[in-house]
Structure formats: structure tokens, C-alpha cells
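Remember, it's a predicted structure, so these values are computed and weren't measured experimentally.
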Amino acid sequence: MTQVFWELFPNAQVNIMLVSGIDNHDTDDNLARRRKLLREGSDKAEDFLGAAAFAKNPVVAEWRQAYQQFKRKKASGLPSKRS
């Protein structure tokens, strides 16, 4: 984190979580439970996102506003290597 970040967001909180020993591969034993959890999570997300335009959603708008405060490098006009 740079000083500029802390000047823009003086009340920011940075958290780090280290997890080890987790196998996140689907198996016959866990697939149904994982799909159920994903469905439930998607349904709960609708409570926050709703049918409103995504960019105008208050939760999303807050993040977009913060992100726009960071300076961006100007594009050189050349295509990226990934293109």
C-alpha cells in the first residue's frame, strides 16, 4: 500500500487470510452441496443487486467511485500481447 492509497482512503482496512489444506475440487460427494451453496449465494446477491442497472446499484457504485480515484496509465495505442 502506498501513501497515496492511504491519503485517498484514510479509513481503509486491509485484511489477509491464509488458508492451507483446502481441496477445492468437486467430487461426487460434495458436488450437490456446492451447487446448492452457489444457488443460495446467487439468490442472496439479488437482495443487494436487484433489477436496477448494475453500475447504479449503491453497493457497486461505491466501489466504482473508489476505483476511479486511482490514476490510470495512458494506453500506448498498441495492442497488448494478450490480444
Item to check | Which residues share a side chain to side chain contact (heavy atoms under 4.5 Å, CB included) with Ala32, sequence neighbours left out | outcome: none
Checklist entry - Residues two or more places apart in sequence or in another chain: which of them pass side chain to side chain contact (heavy atoms under 4.5 Å, CB included) with Thr27? => result Asp29, Asn30
Checklist entry - Can you pull the ring-ring contact (aromatic ring centres under 6.0 Å, His included) pairs that have at least one residue in residues 10-31, sequence neighbours excluded? => result none
Checklist entry - What residues form a salt bridge (Lys or Arg N to Asp or Glu O under 4.0 Å) with Lys44, not counting sequence neighbours? => result none
Checklist entry - Shared ILVMFWY cluster between Val14 and Val4, side chains joined below 4.5 angstrom? => result yes
Next on the checklist: Can you list everything that forms a ring pair (Phe, Tyr, Trp, His ring centres under 6.0 Å) with Phe9? Sequence neighbours excluded, please.
Outcome noted: Phe5, Phe70
Item to check | Set of side-chain hydrogen bond (donor to acceptor under 3.5 Å, both in side chains) partners for Gln65, sequence neighbours left out | outcome: none
Checklist entry - Just wondering, are more than 12 heavy atoms of other shown residues or ligands nearer than 6.0 Å to CD in Glu62? => result no
Checklist entry - Does Gln13 have any side chain to side chain contact (heavy atoms under 4.5 Å, CB included) partners at least two apart in sequence or in another chain, and if so, which? => result Asn15
Checklist entry - Going by the salt bridge (Lys or Arg N to Asp or Glu O under 4.0 Å) test, which pairs reach into residues 18-27, not counting sequence neighbours? => result Asp26-Arg34
Checklist entry - Who else is in the cluster with Val19 when I, L, V, M, F, W and Y are joined by side-chain contacts under 4.5 Å? => result Met17, Ile22
Item to check | side-chain hydrogen bond (donor to acceptor under 3.5 Å, both in side chains) partners for Glu7, two or more places apart | outcome: none
Next on the checklist: Restricting to salt bridge (Lys or Arg N to Asp or Glu O under 4.0 Å), what partner residues turn up for Arg35, sequence neighbours left out?
Outcome noted: none
